[in-house]
Amino acid sequence: MTTQILLNLLIALVWMLLNESWNIVIFGMGYVIGFFIILLMRRFFPEPFYGRKMIAIIKLLYFFFIELLKSSLVVILQVTRPKLNIEPGIFRSETILKTDLEISLLTTLLTLTPGSVVMEIDPKAGVMFIHAMDATEYRNSVVKSQLKFEKAIIEVMR
């Protein structure tokens with residue numbers, strides 16, 4: 001993957017040299033042209049095409065921003081009510097992720113979404129303890145977010 005990215009950057013730089021223009025638009029055009037050249041030549045590389053990882057990363061970021069927006073709206077609606085009617089709590093959730101990096105990424109993504117904080121992790125057992133602003137009502141939504149993140153993280157990391 002690293003070889004393909006470096007080759008793509010080299011193609012973008014050569015494109016800039018051929019156009020005799022050093023600006024970001026010409027570099028972007030060269031990068032896109034290099035991307036398609038590498039896509040067409042992907043069978044000559046020993047590793048899979050790096051565009052799949054890039055798409056998986058974009059997909060993970062998309063899921064994160066959607067979950068961030070949804071949970072922010074939920075927290076805003078809860079906090080702006082005249083009477084606060086929430087039951088904070090901690091619940092246990094299991095994860096299918098194995099490596100420390102995958103679990104760290106998952107806990108970071110869950111913690112960055114408002115209304116939930118990962119308090120403790122047992123990586124050997126694959127268990128996380130999550131504090132939710134309203135544990136009774138939002139436990140299912142936090143678990144759904146976790147499952148989406150796990151699937152996207154596996155696509156990116158493996």
Side-chain angles (χ1 to χ4, degrees), residues 1-79 93-133 138 140-158:
M1 188 167 120
T2 307
T3 307
Q4 294 175 15
I5 292 172
L6 289 175
L7 183 62
N8 201 351
L9 289 173
L10 181 67
I11 291 170
L13 288 175
V14 169
W15 182 259
M16 288 174 68
L17 285 172
L18 292 174
N19 282 301
E20 297 178 2
S21 178
W22 293 89
N23 63 39
I24 192 72
V25 175
I26 300 297
F27 179 80
M29 287 174 49
Y31 195 85
V32 169
I33 290 169
F35 185 84
F36 286 111
I37 289 172
I38 293 173
L39 176 67
L40 294 174
M41 297 176 55
R42 67 183 180 273
R43 67 181 177 146
F44 299 111
F45 293 105
E47 63 239 6
F49 179 57
Y50 83 98
R52 289 183 180 182
K53 292 283 185 188
M54 299 296 283
I55 291 170
I57 290 170
I58 291 169
K59 191 175 168 185
L60 177 63
L61 289 174
Y62 172 76
F63 284 146
F64 172 67
F65 286 122
I66 294 296
E67 293 301 321
L68 181 67
L69 185 67
K70 284 174 28 183
S71 59
S72 295
L73 288 174
V74 167
V75 170
I76 288 170
L77 290 175
Q78 285 286 346
V79 172
S93 181
E94 294 183 9
T95 180
I96 58 172
L97 302 177
K98 299 294 179 198
T99 66
D100 289 343
L101 184 61
E102 292 172 345
I103 293 172
S104 297
L105 184 57
L106 176 64
T107 56
T108 302
L109 292 174
L110 286 175
T111 301
L112 285 174
T113 55
S116 62
V117 175
V118 177
M119 299 186 67
E120 190 169 340
I121 306 164
D122 185 4
K124 290 180 183 172
V127 174
M128 299 185 307
F129 294 96
I130 302 172
H131 179 272
M133 186 178 82
Y138 299 116
N140 288 336
S141 66
V142 171
V143 171
K144 283 182 186 174
S145 300
Q146 178 189 344
L147 294 175
K148 283 183 185 176
F149 287 147
E150 285 177 345
K151 188 176 174 184
I153 288 170
I154 287 173
E155 279 185 45
V156 170
M157 297 292 188
R158 296 180 192 168

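What you see below is based on every heavy atom in this structure, not just the backbone, and it leaves out hydrogens, waters and symmetry mates.
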Test side chain to side chain contact (heavy atoms under 4.5 Å, CB included) on Thr113 and Leu109; report intermediate values, then the result.
CA-CA 7 Å; Thr113 55; Leu109 292 174; over 6 Å; no
Practice prompt. Show the numbers, then the answer: is there a side chain to side chain contact (heavy atoms under 4.5 Å, CB included) between Met157 and Leu105?
Written response: CA-CA 10 Å; Met157 297 292 188; Leu105 184 57; 3.9 Å; yes
Query raised in the report: Between Ser145 and Glu67, is a side-chain hydrogen bond (donor to acceptor under 3.5 Å, both in side chains) present by the stated rule, with each step listed?
Result: CA-CA 7 Å; Ser145 300; Glu67 293 301 321; 2.5 Å; yes
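One side chain, Ser21 or Asn23, offers a donor N or O that lies under 3.5 Å from an acceptor on the other.
Rounded to the nearest 0.5 Å, atoms CD1 (Ile121) and CZ (Phe129) are 11.0 Å apart. In this structure, OG1 on Thr108 lies 11.0 Å from CZ on Phe149, to the nearest 0.5 angstrom. Note: Ile24 CD1 to Met29 CE = 12.5 Å, rounded to the nearest 0.5 Å. Note: Leu10 CG to Thr3 OG1 = 12.0 Å, rounded to the nearest 0.5 Å. In this structure, CD1 on Ile26 lies 11.5 Å from CD on Glu20, to the nearest 0.5 angstrom. Distance CG/Leu39 to CZ/Phe49: 4.5 Å, rounded to 0.5 Å.
Using a 4.5 Å cut-off on side-chain heavy atoms (C-beta onward), Lys124 and Asp122 make contact. Counting heavy atoms from C-beta on, the side chains of Met128 and Leu110 come closer than 4.5 Å. Inter-residue side-chain proximity for Val14 and Leu18 is flagged as met; some heavy-atom pair is nearer than 4.5 Å. In this structure the side chain of Leu60 never reaches within 4.5 angstrom of the side chain of Glu155, judged on heavy atoms. Side-chain contact between Glu102 and Arg158 is present, with at least one heavy-atom pair separated by less than 4.5 Å. Between Lys151 and Phe63, the closest side-chain pair of non-hydrogen atoms is not below 4.5 Å. Looking only at side-chain heavy atoms (C-beta outward), Leu147 and Lys144 stay at 4.5 Å or farther from each other. Side-chain contact between Trp22 and Leu17: present, with at least one pair of heavy atoms (C-beta onward) separated by less than 4.5 Å.
Under the side chain to side chain donor-acceptor pair (under 3.5 Å) criterion, Tyr50 pairs with Asn8, Tyr31, sequence neighbours left out.
Residue Thr111 comes nearest to Val118 through the heavy atom pair OG1-N, 3.4 Å, listed as atom of the first residue, atom of the second, then distance. The shortest non-hydrogen separation linking Val143 to Ser93 is CG2-OG, 4.5 Å. For Ile154 against Leu97, the heavy-atom pair with the smallest separation is CG1-CD2, 3.6 Å. Ser104 approaches Thr107 most closely through the heavy-atom pair O-OG1, 2.9 Å. Taking every heavy atom of both residues into account, Gly34 and Ile11 meet most closely at CA-CG2, 3.5 Å.
By the 6.0 Å contact criterion, CD on Glu47 is enclosed, its count of non-hydrogen atoms from other residues, nucleotides or ligands being greater than 12. By the 6.0 Å contact criterion, CZ on Phe45 is enclosed, its count of non-hydrogen atoms from other residues, nucleotides or ligands being greater than 12.
The backbone N or O of Pro123 sits nowhere less than 3.5 Å from a side-chain atom of Lys98 that would complete a donor-acceptor pair.
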